[in-house]
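Computed over heavy atoms, backbone and side chain alike; hydrogens, waters and symmetry mates excluded.
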Amino acid sequence: MKHVGKIVPLALSLALGLSCVGGVGMAEEQQKELPSYFHKYDPPITLTTHAVVTTSNVFQEGDSADSNGYTRWCEENLGIKWELAWTAGDAETNSQKLDLAFASDDLPDVIAPSVAQLSKYVESGKIAPMDDLLEQYASPLTQWAIDDVTEQTAGAFFSPVTSGGHAYALPEMSDTLAWWTNNFIRTDILEELGMEMPTTLDELEAIFDAYIEKYPGHYPAVCSNSLQDSANLFNTVMTSYNAYMDMWQENEEGQLEYTSIQPEMRAALERMATWYEKGYIDPEFVVMDGNKYNEVISSGDWLFTYGYWHLIATFCNTWANVEGSDISAVPFLNGPDGNYSVMKNAWYTSLKAITTSCENPEAPIYLLNQFWDSYYRNDTELRDELAQEGYEWYYPVTEVQEAYNIEEVKQNYPNVAEPKLLWKFNYDESITGPGFLNDFYTHGNINLGLYGRLCTPANNDYASISAAVKAGNDTSLLTEEAKNTWTGWYDSDPKMLSTFATSYDIWKDLDIEVNKFSTASTPTMVEKQAYLDKLELEYFTGIIMGTRPIEDFDKYVEEWKANGGDQITAEVNEWYASTK
């Protein structure tokens, strides 16, 4: 558990007039005074919002998206009534309805905009600064959560939602695995070749040469045609050359510059061209889409690839089709200068914002404070960490129950995708709260208002999987959240667990660079980015395949700048200056 810093209790003046009214989630004999960062409204207030409701969202009999165990708990214990302005069957329809509400000046109190929508609404003065609300009303636990995720994301957590020095939304935080990508290698073949796990790009190429000698006509590395995807094989080479595709980095003058036009990219392309020339990748990689890529991985006719960590699901086909096959993640490889570097985009772009028309903008913050206190009540490591810093947990440690209607749900709802959403529990009403509701499975269903999983605790769920693997599959080391993941992966193929552990070990302490530009597209991007992306892909593919000389990289840079790149750079830096 990362130590974030001393927790300073909120000043009582911040909660003037917000005295407790009744007990929240505690029987009368157990009642204790509500902390200033919890609050029950009397009389109740109404908060409006909207939601995507699909066939995967199921509810207890008689319940719905805006009337269920969670909404009842909010009203009974916090005095907050939720009202849905609309529901939509998919994200696109939901986004359209949100823009219509904006156009008619009828936005709900709490909204879930895209990054582009948020930028437009902020410019029109329709969004309340989230950072101001958090500073005033966030509990020490909520502030810890924000500090923690900011640290885990190298300061990029609020980047997509920042304008004019203010953060206008709370990204829906979770674990950091969403951006994890890795090199992967068939260790059974590595052993067959009598070679060690590579640590440099040169060592990897020596392994490729040995593979081609033993298996002529086969290609050791699998590369798809999506060069601009952060999970493409080209990243193996780029990380070794400190090169990044389609991102923005800060130069020595404090200005942002486009990474794809830097000298490091030229060097990476030149090295990748040698891979093509030496037969390390299929010469027809330009027609290898995602489906064909998965077919090759599933067949087992490969030695090395690059991809998201959850490629372990596709590896199940490799293990099934090739007896004795084993796969491990490979640490990022040092390049000619003896180093490597990894840059990633900010990935928390599922947003919740509070509109300026909301009469009680502090209410969603109070709800979030209590949500997390209840949901994480059993995280003993987190409890101890924050208790030592002065935080008094409101909800007690609670024995986790097994749902009492699991068999009934199986029998009566055999085709439900997520049967756990229909589970029921029997917790004492005195201690019910998010994560411990008797007729609403809090995690994985529709949660109105601000929501998310604490970053480090969510990462610790996956850390416990890695620890359990290393301890000989000791499942007693698993967190409650991790147990379900473990069971699912083990049932698919136990090797998913061991391969994941090798991936986790690489990323857990990895220093990363973060794309410095993470907000909505600039005006010139909207107009010309599609053309510039096409230009980039044509030049880069041509250089790799040898149809263009490496000197054409300089022509690409000139064309990029002349066809909107310079104007985009100016717009990006104008935005960057506004965030400081």
Side-chain angles (χ1 to χ4, degrees), residues 2 115 147-162 167 171 173-183 199-201 227-269 271-272 306-309 329-349 455-456 459 503-519 521 525 536 540 557 560 565 568-569 572-573 575-577 579-580:
K2 288 185 176 291
V115 172
D147 290 346
D148 176 58
V149 73
T150 301
E151 179 182 339
Q152 295 282 354
T153 58
F157 176 63
F158 280 119
S159 294
V161 301
T162 297
M173 66 181 71
S174 184
D175 57 76
T176 56
L177 271 70
W179 67 6
W180 287 15
T181 49
N182 285 96
N183 299 302
T199 59
T200 69
L201 210 55
L227 288 180
Q228 292 161 318
D229 191 319
S230 61
N232 188 271
L233 178 74
F234 186 27
N235 286 274
T236 297
V237 176
M238 284 193 290
T239 55
S240 297
Y241 279 86
N242 306 309
Y244 322 107
M245 178 86 83
D246 302 332
M247 298 191 188
W248 294 83
Q249 62 187 4
E250 189 176 72
N251 60 24
E252 293 180 356
E253 290 74 37
Q255 297 290 301
L256 297 190
E257 53 188 16
Y258 188 53
T259 56
S260 290
I261 64 173
Q262 302 308 312
E264 291 84 0
M265 181 60 73
R266 189 184 197 276
L269 283 167
R271 187 68 172 259
M272 190 70 179
Y306 188 95
Y308 293 110
W309 70 269
V330 182
F332 292 99
L333 303 169
N334 291 325
D337 65 353
N339 297 300
Y340 68 83
S341 62
V342 179
M343 180 180 286
K344 292 294 180 180
N345 285 304
W347 73 102
Y348 289 140
T349 53
C455 185
T456 288
N459 283 348
S503 172
Y504 181 85
D505 286 348
I506 292 169
W507 274 93
K508 64 179 181 179
D509 297 317
L510 186 68
D511 289 329
I512 57 171
E513 301 289 335
V514 178
N515 183 6
K516 295 291 187 181
F517 182 77
S518 55
T519 189
S521 298
M525 283 180 178
E536 179 178 276
F540 285 16
V557 174
W560 184 86
I568 289 174
T569 300
V572 165
N573 278 289
W575 165 84
Y576 192 50
T579 67
K580 298 180 180 178

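Minimum heavy-atom separation, Ser503 to Trp309: OG-CB, 3.7 Å. When all heavy atoms are compared, the tightest approach of Met245 to Thr259 is C-OG1, 3.8 Å. Nearest heavy atoms, Val514 versus Ala156: CG1-CB, 3.2 Å. For Lys516 against Gln249, the heavy-atom pair with the smallest separation is CG-CA, 4.3 Å. Listed here is the closest heavy atom pair of Asn182 and Ala329: ND2-CB, 4.0 Å. The two residues Pro331 and Ile506 have their closest heavy-atom pair at N-CD1, 3.5 Å.
There is no side-chain donor-acceptor pair under 3.5 Å between Tyr258 and Thr569. Counted by atom type alone, Thr176 and Gln152 present zero donor-acceptor pairs between their side chains at under 3.5 Å. When only modelled atom types and interatomic distance are considered, Glu250 and Tyr576 share a side-chain donor-acceptor pair under 3.5 Å.
Between the side chain of Asn515 and the backbone N or O of Trp248 there is at least one donor-acceptor pair closer than 3.5 Å. Judged by distance alone, the side chain of Ser240 and the main-chain N or O of Leu333 form a donor-acceptor pair under 3.5 Å. Formation of a donor-acceptor pair under 3.5 Å by the Thr153 side chain with backbone atoms of Phe157 is found in this model.
The CG atom of Leu227 sits 9.5 Å away from the CG atom of Asn235 when rounded to the nearest 0.5 Å. With rounding to the nearest 0.5 angstrom, the OG atom of Ser260 is 7.5 Å from the CD atom of Gln228. From Met238, atom CE reaches atom OG of Ser230 across 9.0 Å, with rounding to the nearest 0.5 Å. In this structure, OG1 in Thr239 is found 13.0 Å from CD in Glu513, a value given to the nearest 0.5 Å.
Counting heavy atoms from C-beta on, the side chains of Trp507 and Val342 come closer than 4.5 Å. Put simply, the side chain of Pro336 reaches to within 4.5 Å of the side chain of Arg271, judged on heavy atoms. Side-chain contact between Tyr244 and Ser341: present, with at least one pair of heavy atoms (C-beta onward) separated by less than 4.5 Å. Taking the side chain as every heavy atom from C-beta outward, Trp560 and Glu536 never approach each other to under 4.5 Å. Side chains of Tyr306 and Asn232 form no contact here, defined as non-hydrogen atoms less than 4.5 Å apart. The shortest distance between side-chain heavy atoms of Phe234 and Leu269 falls below 4.5 Å. Within the 4.5 Å cutoff, side-chain heavy atoms of Asn459 are placed close to those of Leu177. Inter-residue side-chain proximity for Phe517 and Ser159 is flagged as unmet; no heavy-atom pair is nearer than 4.5 Å.
A tilted orientation is assigned to the rings of Tyr504 and Trp180, their planes being inclined by 30° to 60°.
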> side chain to side chain contact (heavy atoms under 4.5 Å, CB included) between Thr236 and Val330: does it pass, once the steps are laid out?
Replying inline: CA-CA 10 Å; Thr236 297; Val330 182; over 6 Å; no

> Yes or no on side chain to side chain contact (heavy atoms under 4.5 Å, CB included) for Val572 and Met525, after CA distance, side-chain angles and deciding distance?
Replying inline: CA-CA 10 Å; Val572 165; Met525 283 180 178; 3.7 Å; yes

>> Does Phe540 form a side chain to side chain contact (heavy atoms under 4.5 Å, CB included) with Met265? I'd like the steps, not just the answer.
In response: CA-CA 10 Å; Phe540 285 16; Met265 181 60 73; 3.8 Å; yes

> Going through the checks in order, is the side chain to side chain contact (heavy atoms under 4.5 Å, CB included) test met by Thr181 and Lys344?
Replying inline: CA-CA 10 Å; Thr181 49; Lys344 292 294 180 180; 2.5 Å; yes

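The environment of Asn251 atom CG is dense: over 12 non-hydrogen atoms of other residues, nucleotides or ligands sit within 6.0 angstrom. Residue-environment remark: CD (Glu264) exceeds the threshold of 12 foreign heavy atoms within 6.0 Å.
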